[in-house]
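Worksheet: one structure, shown below.
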Amino acid sequence: MKITGNMINYYFVCQRKLWLFSQGLQYEEENENVQLGKLLDTSSYKDKRKQIMLDGTINIDFLEEWKVLHEVKKSRAIEPAAIWQLRYYLYYLQEKGVPVEKGYIDYPKLRERLEVTLDEEKKNELEEIIEAIETVVTQNDAPKAEKKKLCTKCAYYDYCFI
Ligand code: SF4
């Protein structure tokens, strides 16, 4: 099963959202989608700020010399979801043989940044999260809609509550 960065994020935000997304009800952003192998082969990837989707799976804001990932966020809202999503990017690239070392969540508006790493313990935890995601998305029915603060900004709001 293909697990995308969005799915890791939605697992923490709302499991109903994760389920709906996995069923093909998707509101995807338009991003350039390239295959990792192709990108590794080319020397033309110079623009550090370019947002790029790899293998239709992970969406990187920018990458420093294939070693440090950056994810830019406006606020610290839903921070655990952002942290695990970035850990998943590290995991995905490391599993593909790319020697990424760490990531940063950059909050330009707050002038802050948060370092994110992936040690063995977190890697094991992440693998458990991936298994839990597989369980959610293979359920026949959507998890129940439970109203929370984030719902009003969610693309599925109408679907859930109207
Ligand atoms: S509107 Fe709320 S309950 Fe529905 S998918 Fe979004 S976050 Fe989940």
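As the structure is a computational prediction, the values presented were derived from the model and not from experiment. Computed over heavy atoms, backbone and side chain alike; hydrogens, waters and symmetry mates excluded. Whatever order the structure lists ligands and atoms in, that order sets their numbers, starting from 1.
Judged by the 6.0 Å distance and 45° axis criteria, Arg16 is not positioned over the aromatic ring of Trp19. Remark: Lys17 qualifies as a cation-pi partner of Tyr10 under the 6.0 Å distance and 45° angle criteria applied to the six-membered ring.
Given atom 2 (Fe) of ligand 1, the protein heavy atom at minimum distance is Cys151 SG, 2.3 Å. The closest protein non-hydrogen atom to atom 4 (Fe) of ligand 1 is Cys160 SG, 2.4 Å. From the protein, the heavy atom lying nearest to atom 8 (Fe) of ligand 1 is Cys14 SG, 2.3 Å.
Formation of a donor-acceptor pair under 3.5 Å by the Asp106 side chain with backbone atoms of Pro108 is not found in this model. Between the side chain of Tyr88 and the backbone N or O of Ile3 there is at least one donor-acceptor pair closer than 3.5 Å.
Taking a cutoff of 4.0 Å between a charged side-chain nitrogen and a carboxylate oxygen, Glu125 and Arg87 do not qualify as a salt bridge.
Below 4.0 Å from some heavy atom of Lys17 lie the following atoms of ligand 1, by number and element: 5 (S). Near Tyr157, meaning under 4.0 Å from any of its heavy atoms, are these atoms of ligand 1: 1 (S).
Tyr104 and Glu64 share no donor-acceptor pair across their side chains, judged by distance under 3.5 Å alone.
Taking backbone and side-chain atoms together, Cys154 has an N/O/S atom less than 2.8 Å away from atom 6 (Fe) of ligand 1.
At a 4.0 Å cut-off, at least one heavy atom of Phe161 sits close enough to ligand 1 to count as contact.
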